[in-house]
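Below: the structure, in structure tokens.
Bear in mind the structure is a predicted one, so any value in this text is a computation, not a measurement. Side chains are part of it too, since the values below use all heavy atoms of this structure and drop only hydrogens, waters and symmetry mates.
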Amino acid sequence: MDIRKKITFTYVALSTFSTLLLSLIVFVLFRENNRYHFLKRLEDRAKIVASIHFQNDPEKIKYYSNLKKNGLEELIEEEEYVLKINSANSFDYNTKLNLPNTFYSNILATGEDYFEVNSKYYLGQVFTENKQKYIVIVGARDRRGKTTTVYIVKILLFGGIGFILLAFFLGRFLAKRVINPVARITKEVNRISASNLHNRLPAVKNSDEISDLTETFNDMLDRLETSFEIQANFINNASHELKTPITTIIAESEIMLLKEREVAEYVESLQNIYSQASRLGNLTESLLKLTQTGYDGNKQVLDIARIDELLLEVKSDLDKIYPDNRVSIKLNFAPKDSNLLLIPCNKPLLELAINNIITNGVKYSDNNEVFVTLSANQEAIKISINDIGIGIPPEDIPHLYEPFFRGKIAAKYIGYGLGLPLASKIIRMHDGEIQVQSEQNKGTIVTIIFKKINPKKSSIKNSNVES
């Protein structure tokens with residue numbers, strides 16, 4: 001059953017329940033109102049019957065008789081009885097009355113009561129005349145009340161059926177009104193594929209759930225379009241970067257195989273092949289590491305490392321690769337409590353990420369000074385890497401984490417554009433964030449922040465990294 005039918009039937013069901021409940025309440029209140037007014041009429045009759053019975057003056061008896069006959073509305077199957085009360089628990093019983101004993105007991109106890117049987121009411125009241133108490137009982141059939149009750153039941157029945165039918169059509173209209181925007185969105189969504197991700201759903205001006213859904217879906221399309229573009233660029237750039245050394249190796253090999261060469265030529269050719277193969281190996285290794293950070297985390301090893309010791313190990317590795325580097329590790333702001341420097345991590349990956357960022361600082365500053373400052377407190381660990389290099393143009397900053405992206409002024413330096421994207425993914429995997437501040441030709445400040453979390457709730461093994 002589709003949602004439109006569900007809404008219609010739900011609306012009809014709720015309307016039916018509400019109609020039945022309302023009809024029941026109206027019926028009960030109407031019946032009680034009829035009973036109340038009919039009993040009032042019986043009370044008036046009982047007072048006149050008592051007056052006629054107690055009067056010794058023939059003129060007054062005649063007056064009350066005429067009042068009862070002409071002044072009051074005629075009752076159907078009217079009966080009148082006056083019973084003398086002999087004591088608190090006894091009275092003169094009339095055999096024509098077939099009423100329960102509780103009726104008489106309630107009259108004697110409270111002074112008034114009524115009893116209903118087959119739409120005929122009996123009202124009993126106690127009257128006192130010359131210190132003598134009497135029970136006056138007046139009975140009559142409420143034919144009008146029964147007729148009006150049947151009439152109101154017919155009105156409620158046919159009115160209820162009519163309202164339920166109306167509710168069905170209103171429910172269909174409501175379902176159509178509610179579902180149409182969703183159906184429109186579904187229709188538009190079905191038209192969108194990977195080839196036309198630039199399409200967007202028409203904006204809805206109303207500030208309701210449909211508007212929120214449209215905006216949310218358009219935002220998702222924005223992210224998907226960006227991801228597809230990045231993926232397409234990644235594939236194109238990766239293909240180009242991989243194709244170049246492979247083509248060079250093949251071409252160099254073919255040239256050498258055309259004829260016999262001198263030893264010096266073979267050495268030079270092998271050096272070219274070795275250079276391109278090394279480039280290909282480095283590029284493949286970088287791509288492999290970039291891909292590994294997208295795993296679900298099951299293969300990640302959880303370590304507990306001191307971030308200051310990790311920085312010193314990174315510096316030691318840099319000294320081997322760049323013996324004349326001018327990287328300074330400043331621990332002046334590091335806390336005395338070593339526990340504040342502990343971080344749960346995948347140590348080799350985290351070293352690789354920090355190494356990539358510091359290496360970028362060395363490379364793009366032409367081996368100028370690079371300052372690495374460490375600070376930590378109860379909330380976070382912060383690493384600041386400040387270089388005095390070529391800087392980053394403002395238009396390049398939004399693309400820093402796209403694989404293979406290289407700015408115009410960075411193109412003259414050797415690299416693949418994979419270091420910072422790889423570092424970003426590793427740091428995000430460790431619940432950290434990277435902040436980049438840069439000014440062209442003045443330098444760059446890269447700040448890495450790891451927020452402290454509860455160790456019991458933290459596990460790198462369960463972390464996911466967005467690819």
Side-chain angles (χ1 to χ4, degrees), residues 1-42 73 75-77 114-121 140-225:
M1 183 183 295
D2 58 25
I3 296 178
R4 185 173 300 180
K5 290 182 179 179
K6 286 182 180 180
I7 293 176
T8 302
F9 289 139
T10 301
Y11 184 81
V12 171
L14 293 175
S15 299
T16 301
F17 174 76
S18 302
T19 302
L20 289 175
L21 183 61
L22 178 62
S23 299
L24 180 63
I25 293 173
V26 170
F27 173 77
V28 171
L29 293 178
F30 184 82
R31 188 177 179 188
E32 289 299 319
N33 183 68
N34 278 348
R35 176 180 292 155
Y36 172 78
H37 286 288
F38 189 71
L39 291 176
K40 283 295 182 182
R41 291 170 62 191
L42 292 182
E73 185 179 355
L75 296 178
I76 307 301
E77 298 181 19
Y114 76 92
F115 179 73
E116 178 187 1
V117 55
N118 297 327
S119 298
K120 188 170 184 178
Y121 289 88
R141 188 173 298 280
D142 186 13
R143 183 176 296 175
R144 176 181 291 181
K146 184 177 181 180
T147 302
T148 53
T149 300
V150 172
Y151 181 70
I152 196 67
V153 167
K154 290 181 179 179
I155 292 177
L156 293 175
L157 178 62
F158 291 109
I161 294 174
F163 182 75
I164 290 171
L165 292 175
L166 179 63
F168 174 75
F169 293 105
L170 290 176
R172 291 186 61 182
F173 174 76
L174 174 65
K176 185 177 180 181
R177 187 78 179 271
V178 172
I179 295 301
N180 272 355
V182 179
R184 176 181 58 80
I185 291 175
T186 303
K187 185 178 179 180
E188 294 292 334
V189 169
N190 286 332
R191 294 178 179 176
I192 299 174
S193 62
S195 61
N196 59 351
L197 279 175
H198 60 277
N199 290 347
R200 296 292 181 270
L201 299 179
V204 180
K205 295 182 180 180
N206 299 330
S207 298
D208 55 14
E209 288 79 2
I210 299 299
S211 175
D212 294 340
L213 176 61
T214 301
E215 291 180 5
T216 301
F217 193 82
N218 283 338
D219 290 341
M220 184 189 71
L221 287 177
D222 289 337
R223 294 193 297 272
L224 280 176
E225 185 178 17

Point to revise | Chi angles and distances behind the side chain to side chain contact (heavy atoms under 4.5 Å, CB included) call for F115, V117 | key: CA-CA 7 Å; F115 179 73; V117 55; 3.8 Å; yes
Gap between atom [atom2] of [Y] and atom [atom1] of [X] - 0.5 Å precision:
X    : Y    : atom1 : atom2 : value
I7   : L174 : CD1   : CG    : 6.5 Å
R141 : K120 : CZ    : NZ    : 6.0 Å
E215 : M220 : CD    : CE    : 14.0 Å
T19  : L24  : OG1   : CG    : 12.5 Å
T149 : N33  : OG1   : CG    : 10.0 Å
Y11  : T16  : OH    : OG1   : 10.5 Å

Practice item. Compute the centroid of each ring, for F38 and then for Y121, and state whether the two points are separated by less than 6.0 Å. Key: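 Between F38 and Y121, the centre distance is under 6.0 Å.
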Check your understanding: Got a sec: does the CZ of R172 have more than 12 other heavy atoms crowding it under 6.0 Å?
Key ->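 No - once you tally the heavy atoms of other residues, nucleotides and ligands closer than 6.0 Å, there are 12 at most.
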Exercise for review: Under the salt bridge (charged side-chain N to carboxylate O under 4.0 Å, His left out) rule, collect the residues that match up with K40, sequence neighbours excluded.
Suggested key: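 Once residues adjacent in sequence are excluded, the partners of K40 under the salt bridge (charged side-chain N to carboxylate O under 4.0 Å, His left out) criterion are E43.
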Check your understanding: Any idea which heavy atoms bring T8 and A175 closest together, and the distance?
Key ->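 Shortest heavy-atom contact: OG1-CB, 3.6 Å.
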Point to revise | Shortest non-hydrogen contact from S23 toward L156 | key: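 Residues S23 and L156, closest heavy atoms: O-CD1, 3.4 Å.
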